[in-house]
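These notes are about the structure you will find just below.
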Amino acid sequence: MKIIIGIVILLSTSFNIGLAQNFKDEYNAIIRNKFIDDSLRLSKLHVIVEDLIKKKHKEAHNYAEQALKFADENGNYSQKSIAYFDYAYLLETNYKFADALKYYFKSVNFAVKGFNYPIQIKCLLNMAAIEQANGNYDKSLDYLERAGQISSFIGDNASYQIYSNNLLNLYMKWGKYREVLVYYIRGMDFGGYKDSLSKAYNYTNLANCYIHLNTPEHALAVLKPALSIFEKFNDNHGINTALLHYANIYINKNDFDKANEILKHAEMHIVLEKDELLKINYYYIKSQYYYKQRIFKKAYNAIYEAIQIARKYNIKDGLPDYYKQIADILNQLGNYKEAYYYSQEFIKLSAELYTDKFNRKLSDMALKMKSETQEKEIAQLRYTQLSQDIELKDSEHNLNISIIISILFIIVLLVILFRFKHTRAFNKKLKESEIKLSQLNATKDKFFSIIAHDLRGPLSSAMNTAELLSENYHDFSIDEHKESLEDLKNSVSNIYKLTENLLTWSRAQRNHIEYYEVNAPLKMLVDQNISLLSHLANNKRIAIIDKTQDIDIKVDVNLFNTILRNLLNNSIKYTPADGCIMIASKLLNEEVLEISVEDNGIGMTDEVKNKLFRIDSKLSSDGTAGEKGTGLGLIICKEFAEKLGGASRGESQLGLGTKFFFSVKLA
């Protein structure tokens, strides 16, 4: 018999040595092959490292470290993010959670720069799991929300489902059972869990909620179908989870015969269990079973087994409770010396966990201060998809848009006529426009003189271009025709923008804007406006960060959108490439919320600041990319902010950016 065992051990050792040699040969072949590029080389290395980690091979660490070094020297951002993820995941599987978090964080930063969305999601989900295990629920929630936003943004339904499940598990551990209960029941009512195993696991989570809410009968009702599904699919992990819930319920009801029957059933499955946390939970519940019956010796054996597993795998979550339990049992057995030892271990570990948690918070704060730029890049993950349902505009607004489109159509038609007919009709239209502007100047003195000046520029440019086209049509080359038409298009575009703002302002002056006040979620309105202007921001690689509160406001939606859109447009215009814009909110009192739009753009001088919101001063200037403005945006914001029952103001410092504020009523 001993000879047979020796042969088996020898064969097993030989196999492992051969396996290690195969990995080594394959790795060296990939590194030395000069005929494959670095991208393909890194992909192959990733497959090897991933396979080694799955097999828990002892060489996994060495190869992961070498692959990481090669990626640093030869890889792009996306490839570096994969190598750092592999190394972080290896550290996590070896319970080195603090080091794993550092490498996950680096992987996320590289993934953001390399637009590798799947790795961003995986890192954030794993970081959330580690922080949850460490009891840092706020940090875990932050990582989960980021993962959910990216999954939604790229339409990755599988990742979004994982995010949803992990979010509910976090809330479970957080003790927010009633909120979780609503999510589970709603998901089942609407057919959200079509896969049988997924439905079974959600039944067990639902049972856990009922147990914590002290409604064991409800828990038993959902555990029965869950266990049937797990047994049907021979899902050992699910069977153990359901049985331990059953045992816990009957122990609390003092039905020890039923609890004993279930624990014996669980014992047959627990030996096959790969989840060490579930094994620990099994022995802890078994200890409770004996303790409540005052069978202290067996209670001690069970809790001792749980402690040994936790120590072996460095699982500190729940370990203080186990130390406390075993110390109590030893006191009951009269073994005061050993009870004192475990009491000291309880005190020591509790203090250590508290210190670790406190140090982690300090480390997080320091890391955040040192990597502000990286945090801004990660904040770009907060972009959401363009809203599919845009609210219908009111009839008067549609009429104004139709008028503007008609005017634009007439201008385009005139341009076409100029190309084929030599006429002076356009000059007559320009003179009529100048006469009308002069009449308006008499009504709004300084303000309308500014408007006349702003209109005269693009209109004169359009006239001159059209006249050149008319008189030199046959003499111009194709390139000259194209250049002239491009100038004409830009002039017409500027006329359109100014006309739209002017019409909006004039309607406000004549009180022709109807005001429909409704309760609306602030975040939804902000997301819609960010989405509408995201193409302008993306053209300049400007990040728009939403820091507003999840709160309802009482506003006219059209007026609110006009204000926020104008302020965002201004910030994009005067912020250079790779800049940042932040939208935030702050409660002024129980009835008023102040919203701010802040950028790190070119800022303003004191002279310009003193002219803000005044109709007798021209503030329009070209943006950082040559964008044109109308000079009316801030005036319209002021008018509409007052209609919303609030006020508007601005702060700025030359070279350091600008911040505009307006206030609204709370719902």
Side-chain angles (χ1 to χ4, degrees), residues 387 390-391 393-394 396-397 400-401 497-498 500-534 536-537 544-549 551-575 581-588 591-599 601 604 609 611-615 619-620 629-652 658-667:
S387 173
I390 301 174
E391 295 185 5
K393 305 297 181 181
D394 59 78
E396 186 174 326
H397 184 70
N400 286 331
I401 293 296
K497 291 177 184 177
L498 182 58
E500 183 178 29
N501 276 340
L502 187 58
L503 283 171
T504 303
W505 180 84
S506 66
R507 285 172 57 221
Q509 291 295 300
R510 291 178 286 120
N511 291 321
H512 281 191
I513 294 179
E514 295 185 13
Y515 185 76
Y516 297 104
E517 198 173 69
V518 296
N519 294 342
L522 174 61
K523 274 202 171 290
M524 182 192 77
L525 298 178
V526 172
D527 284 347
Q528 287 179 352
N529 282 282
I530 290 175
S531 296
L532 288 171
L533 296 175
S534 61
L536 296 177
I544 304 177
I545 302 169
D546 178 11
K547 290 284 188 180
T548 55
Q549 294 154 277
I551 196 170
D552 286 354
I553 55 175
K554 194 170 187 178
V555 291
D556 179 287
V557 173
N558 287 327
L559 298 190
F560 178 90
N561 286 341
T562 301
I563 296 170
L564 187 56
R565 209 158 43 238
N566 268 291
L567 294 180
L568 269 177
N569 200 40
N570 255 20
S571 288
I572 294 170
K573 177 180 173 184
Y574 295 113
T575 299
I581 299 169
M582 183 168 68
I583 308 170
S585 61
K586 181 178 73 172
L587 288 170
L588 296 182
E591 298 179 352
V592 180
L593 182 76
E594 185 176 65
I595 298 165
S596 63
V597 178
E598 182 178 7
D599 62 61
M604 294 182 284
K609 280 191 289 184
K611 294 179 180 180
L612 287 176
F613 308 113
R614 287 171 53 182
I615 66 170
L619 289 177
S620 178
T630 66
L632 289 173
L634 290 179
I635 295 170
I636 291 171
C637 288
K638 179 177 180 295
E639 298 282 351
F640 284 6
E642 290 173 356
K643 282 187 175 293
L644 291 176
S648 57
R649 60 189 177 90
E651 297 175 357
S652 183
T658 302
K659 189 173 185 179
F660 283 104
F661 304 84
F662 68 98
S663 51
V664 296
K665 291 182 286 187
L666 288 170

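Here, residue 1 is the first one in the sequence, and each next residue gets the next number.
- A distance-only check finds a donor-acceptor pair linking the side chain of Asp599 to the backbone of Thr658 [under 3.5 Å].
- Nearest heavy atoms, Thr548 versus Asp546: OG1-OD1, 2.6 Å.
- Separation of atoms CD (Glu594) and OG (Ser585) is listed at 10.0 Å; rounding is to 0.5 Å.
- The structure places NZ of Lys586 at 7.0 Å from CZ of Phe661, a figure rounded to the nearest 0.5 Å.
- With sequence neighbours excluded, no residue satisfies salt bridge (Lys or Arg N to Asp or Glu O under 4.0 Å) with Glu591.
- Every residue meeting the side-chain contact (heavy atoms from CB on, under 4.5 Å) condition with Asn529, not counting sequence neighbours, appears here in chain and number order: Asn561, Leu564, Arg565, Leu568.
- Summarising the geometry of Ser571 relative to Val597, their closest heavy-atom pair is OG-CG1, 3.6 Å, with the distance given to 0.1 Å.
- The closest side-chain heavy-atom distance from Phe662 to Leu567 is below 4.5 Å.
- Atom-to-atom distance recorded for Ile595:CD1 and Leu525:CG is 8.5 Å, nearest 0.5 angstrom.
- Phe660 approaches Gly650 most closely through the heavy-atom pair CD2-CA, 3.7 Å.
- Considering only residues two or more places apart in sequence or on other chains, Val592 meets the side-chain contact (heavy atoms from CB on, under 4.5 Å) condition with Leu588, Asn589, Ser663.
- Listed for the Lys638 side chain is no donor-acceptor partner under 3.5 Å among the backbone atoms of Ser648.
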For this session: Starting from the C-alpha separation in whole Å, work towards a yes-or-no answer on salt bridge (charged side-chain N to carboxylate O under 4.0 Å, His left out) for Lys643 and Glu639.
Result: CA-CA 7 Å; Lys643 282 187 175 293; Glu639 298 282 351; over 6 Å; no
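- Partner Ile553 forms a side-chain contact (heavy atoms from CB on, under 4.5 Å) with one of Asn519, Val518, Leu522 and no other, that one being Leu522.
- Asn569 contributes atom CG, which lies 6.0 Å from atom CG of Leu536 (distance to the nearest 0.5 angstrom).
- Between Pro521 and Asp552, the shortest heavy-atom contact is CA-OD1, 3.3 Å.
- Ile544 has its side chain out of reach of Ser534: every pair of non-hydrogen atoms, C-beta onward, lies at least 4.5 Å apart.
- If you take NZ on Lys554 and CG on Leu593, they are separated by 15.0 Å, rounding to the nearest 0.5 Å.
- Rounding to the nearest 0.5 Å gives a distance of 10.0 Å between CG of Leu559 and CD of Glu517.
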